[in-house]
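FYI, side chains are in, hydrogens and waters are out, and symmetry mates aren't considered; it's all heavy atoms of this structure. Keep in mind it's a predicted model, so treat the numbers as computed, not measured. Numbering of ligands and ligand atoms starts at 1, following listing order.
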Amino acid sequence: MQEISFYDFHVHVGERIAGYVLRDGFADLARIPGLKGVGVFVTEEPGYSLKEKLQDMRKDALQSFPGEILWHLTPVQTEVGELIPLLSEDTDLKFYTTYKDAGLYRSYKELERWMQELSDLKPRMLVHCEDNETIETYSAKVPFHKPHDHCLRHPELAENIAVEKLLDLAVMHNYPVHIVHVSSPRSAQLIHQAKHHNPYITCETAPHYLLLNEDRLKGENAHRWICSPPLRSEKSRGELLELLQDGYFDIIATDHCAFTMQDKDRYKDEPQKVPCGIAGIGTMRQSLIDGLVQTGKISLDYLTRLIHDNPAIMIRSNR
Ligand SMILES: [Zn+2]
């Protein structure tokens, strides 16, 4: 099979997340065969302004990664006025509808306010859609004793509710929104419908939602597979793949968020403390070729559109 080069629109490298230094940096990206470009997150930290951090990460990347980069900025303290000078062709925005403890949570009202205040420039807004209230309700019912409890605490319903609310805002304000790591078939259908009303809505799913299911959270070292949204049922995985075949997704991106094995294993018996995220970019291309193309689920041409052509266009523009 011919080698295709690829892009990954959703990569966490070279920064700290929830107090952990991520395992991978830009030099690690440079070693991945065929990787042409990435979308990288810059999350504002207390006492470290978004502007400064973006400058430092740009410098870091320039020295070690020759590919193209789009920077996804997450302001925490920074307000619209200070943010506008940071917006350019190679920066867009990322918000979260959950993660209150990490200080990342934004209410739907706040997201709407950002859309209104940025209505002239309209930089693309990436949104992690899991409804915080729903997660809190389900988490109160299911204590986090085993890794698989994560699936019950973060149900598909939470994703569907957040996606629906966000889509309403995107349509109302004709705002370009990109919904990250869609794992629920119902959410993918809602997004597909909303695209008829706002052509600037896009979405991604990740290889792990197409190739793996919640059984990974039951076996040995199950805690290593904790990520959000969690791996879903086999039924949902199958439906998501059918929707992929039907053209519901603009791109496939990994949400690569690798921690060192030591960090991931430290609290293996206390799953609530395990840092949330899994690796993906190193195996992305081959796992999709093996799992989807070689098995006849999709053509190599179609995979090329999903991991090369479409993400290349999105990485080169912030709208
Ligand atoms: Zn992510």
| query | What's the verdict on side-chain hydrogen bond (donor to acceptor under 3.5 Å, both in side chains) for His12 and Asp255, showing C-alpha distance, side-chain angles and the deciding distance? | reply | CA-CA 7 Å; His12 299 272; Asp255 194 10; 3.1 Å; yes

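The aromatic rings of His128 and His181 sit perpendicular, their planes meeting at an angle over 60°, well past the 30° parallel limit. Relative ring orientation between Phe259 and Tyr20 is described as perpendicular, the plane-to-plane angle rising above 60° on a 0-90° scale split at 30° and 60°.
Residues passing the side-chain hydrogen bond (donor to acceptor under 3.5 Å, both in side chains) test with Arg58, sequence neighbours excluded: Asp90.
Applying the salt bridge (charged side-chain N to carboxylate O under 4.0 Å, His left out) test to pairs two or more places apart or on separate chains, those with a residue in residues 144-156 are Lys146-Asp149.
Around the Zn ion (ligand 1), protein atoms of type N, O or S found under 2.8 Å number 3.
Chaining together hydrophobic side chains whose heavy atoms lie under 4.5 Å apart places Val142 alongside Leu152.
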